[in-house]
Amino acid sequence: MSVRLLASLCLILLPSWLFAQGFAGLGSEADGFSVPQRGTQLSFPQDHGPHPDYRIEWWYLTATLTGDDGQDYGIQWTLFRSALAPFAGEGLSSPQVWLGHAAVTTQHEHLYAERLSRGGISVAGVSADPFVAEIDDWYMRSTETSGDPLDRLALAASGPAFRYKLDLAADGPLVFHGDNGFSVKSQDGQASYYYAQPHYTVSGVLSLPTGDVAVTGAGWLDREWSSQPLSDNQTGWDWFSLAFDNGEKVMAFRLRDDQTGFRSGTWIAADGSTSTLRDGDITLTPTVTTQTSGARVPTEWRVDIPSSDTRVTITALNPNSWMGTTVPYWEGPVYVSGSHSGRGYLEMTGYE
């Protein structure tokens with residue numbers, strides 16, 4: 001089967017809710033899929049793998065990097081799993097659809113690529129032990145023989161104008177968002193299972209149109225799955241992962257709706273301990289907007305977290321970090337200045 005035909009079939013098979021509002025359009029009805037339950041204990045290494053009885057899931061890696069040329073870079077590697085029905089299946093009976101996104105961002109360019117695959121009939125999927133996430137020749141795989149499979153990873157992806165191979169080593173624990181991994185997404189109570197490994201050191205090589213560049217930096221892996229994470233009136237989200245120079249970190253998001261929106265987050269101390277940030281604990285204020293190649297989006301923000309005396313400005317490395325993929329969105333590295341300094345990543349969906 002040709003790559004073009006396979007991609008066309010995947011587009012036909014993708015659920016309609018993916019197109020209407022980006023990944024924000026995940027729907028508020030479970031439609032027979034499993035639903036996250038508060039109090040569930042996540043189990044590893046099993047939960048590093050797929051959950052086919054849930055409708056959507058992702059393995060989402062971002063990294064802020066500096067090259068031996070003195071320039072700053074960002075990379076993204078993501079594998080999305082979308083289920084047409086709540087079971088795994090084999091071969092042509094598999095209802096699982098896989099989407100891969102990869103990108104390299106520089107100050108002047110945002111290079112991205114996309115892969116589409118139907119589960120069971122091509123090289124795409126995830127296994128928990130040994131941990132491997134792959135689509136075609138892109139991979140995120142464990143190089144750890146003891147300990148948590150996510151502690152050491154090899155990462156690779158390529159597009160028409162870029163290629164990268166990176167090694168990642170975690171020097172801190174997994175982080176569980178919300179209530180031990182049960183992350184509420186709305187006042188109505190929709191939720192996901194959500195955890196992260198935000199403590200990676202990264203090294204490797206980016207291959208760009210200008211040549212190869214050796215890079216080092218920091219990485220952050222997000223893991224999330226659900227079946228009905230959003231309310232009917234929520235149209236998109238703004239998500240921040242910020243690593244401060246003093247070793248502290250924060251994850252924060254705003255889900256936009258027709259009222260005041262819903263905010264949540266996690267404060268991560270330098271020793272890896274965490275505290276939950278609830279709706280009233282965070283203020284996320286857009287201050288500058290940019291007309292990108294795909295939509296007009298906020299590319300500078302004010303983030304205020306009074307409980308930690310955090311008042312910072314978030315500025316995009318490249319304001320035109322638009323992902324013109326099947327499901328379009330903005331994703332790119334950012335700088336942090338103000339009460340704290342550092343770097344991070346910003347993702348914004350549902351903008352038109």
Side-chain angles (χ1 to χ4, degrees), residues 42 44-45 47-49 58-68 72-79 100-105 126 128-134 138-157 162-177 181 194-206 213-224 239-252 265-274 317 331-336 340-347:
L42 298 185
F44 302 103
D47 279 326
H48 294 326
W58 51 74
W59 295 255
Y60 213 118
L61 191 288
T62 57
T64 54
L65 306 168
T66 299
D68 60 3
D72 289 338
Y73 300 90
I75 69 96
Q76 175 200 353
W77 190 104
T78 311
L79 187 60
H101 288 174
V104 175
T105 306
V126 178
D129 191 15
F131 176 76
V132 178
E134 59 186 348
W138 299 4
Y139 59 79
M140 177 195 296
R141 61 189 181 211
S142 177
T143 59
E144 181 64 84
T145 57
S146 62
D148 190 280
L150 297 187
D151 283 349
R152 302 287 186 274
L153 296 175
L155 188 78
F162 73 90
R163 180 182 300 274
Y164 58 73
K165 287 189 176 181
L166 302 169
D167 295 309
L168 298 91
D171 58 5
L174 296 175
V175 167
F176 300 90
H177 298 303
Y194 185 14
Y195 70 94
Q197 174 47 272
H199 302 296
Y200 287 115
T201 57
V202 183
S203 62
V205 175
L206 308 181
V213 56
V215 292
T216 57
W220 185 306
L221 173 64
D222 258 20
R223 282 284 293 114
E224 192 163 10
W239 171 87
F240 303 78
S241 62
L242 308 177
F244 303 137
D245 292 337
N246 65 0
E248 297 171 321
K249 301 176 176 68
V250 66
M251 182 282 297
T266 302
W267 181 265
I268 307 168
D271 64 3
S273 60
T274 63
L317 169 66
E331 176 90 28
V334 296
Y335 293 111
V336 181
H340 297 64
S341 59
R343 296 171 70 180
Y345 249 79
L346 168 62
E347 179 190 73

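Just so it is clear, the model here is predicted, and its values are computed rather than measured.
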Fill in the blank from the handout: Which of Glu347, Arg223, Glu224 passes side chain to side chain donor-acceptor pair (under 3.5 Å) with Tyr60? It is Glu347
Fill in the blank from the handout: The side chain to side chain contact (heavy atoms under 4.5 Å, CB included) partners of Ala154 (sequence neighbours excluded) come to Tyr139, Arg141, Thr143, Asp167
Fill in the blank from the handout: By side chain to side chain contact (heavy atoms under 4.5 Å, CB included), Phe244 pairs with (sequence neighbours left out) Leu242, Asn246, Glu248, Val250, Trp267, Thr310, Val336, His340
Minimum heavy-atom distance [X]-[Y], with the two atoms named:
{"X": "Gly181", "Y": "Phe176", "value": "N-CB, 3.7 Å"}
{"X": "Ser241", "Y": "Thr62", "value": "OG-OG1, 4.3 Å"}
{"X": "Val126", "Y": "Gly49", "value": "CG1-CA, 4.0 Å"}
{"X": "Ser142", "Y": "Pro149", "value": "OG-O, 2.7 Å"}
{"X": "Leu166", "Y": "Gly204", "value": "CD2-CA, 3.7 Å"}
{"X": "Gly342", "Y": "Asp245", "value": "CA-OD1, 3.5 Å"}

Exercise for the section: Using side chain to side chain donor-acceptor pair (under 3.5 Å) as the criterion, list what pairs up with Tyr194, not counting sequence neighbours. Expected result: Asp222, Trp239
Problem - Partner set under side chain to side chain donor-acceptor pair (under 3.5 Å) for Asp151, not counting sequence neighbours - result: none
Once rounded to the nearest 0.5 Å, what's the spacing between atom [atom1] of [X] and atom [atom2] of [Y]?
{"X": "Leu61", "Y": "Leu79", "atom1": "CG", "atom2": "CG", "value": "11.5 Å"}
{"X": "Met140", "Y": "Trp59", "atom1": "CE", "atom2": "CH2", "value": "10.0 Å"}
{"X": "Leu174", "Y": "Leu150", "atom1": "CG", "atom2": "CG", "value": "6.5 Å"}
{"X": "Glu331", "Y": "Thr78", "atom1": "CD", "atom2": "OG1", "value": "6.5 Å"}
{"X": "His177", "Y": "Thr274", "atom1": "NE2", "atom2": "OG1", "value": "9.0 Å"}
{"X": "Leu317", "Y": "Leu346", "atom1": "CG", "atom2": "CG", "value": "12.0 Å"}

Practice task
Would you please name every residue forming a salt bridge (Lys or Arg N to Asp or Glu O under 4.0 Å) with Arg152, sequence neighbours left out?
Solution key: none
Problem - Under the salt bridge (Lys or Arg N to Asp or Glu O under 4.0 Å) test, residues paired with Asp72 that sit two or more places apart - result: Arg343
Would you confirm whether [X], through its side chain, and [Y], through its main-chain N or O, come within 3.5 Å as a donor-acceptor pair?
{"X": "Tyr200", "Y": "Leu153", "value": "no"}
{"X": "Thr201", "Y": "Ala169", "value": "yes"}
{"X": "Gln76", "Y": "Pro333", "value": "no"}
{"X": "Tyr345", "Y": "Ile75", "value": "yes"}

Problem - Criterion side chain to side chain contact (heavy atoms under 4.5 Å, CB included) on His199 and Asp171, from CA distance to verdict - result: CA-CA 6 Å; His199 302 296; Asp171 58 5; 3.4 Å; yes
Practice task
Indicate whether the side chain of Tyr195 and that of His48 have a donor and an acceptor atom separated by less than 3.5 Å.
Solution key: yes
Problem - Aromatic ring proximity Tyr73/Phe162, centre distance under 6.0 Å - result: no
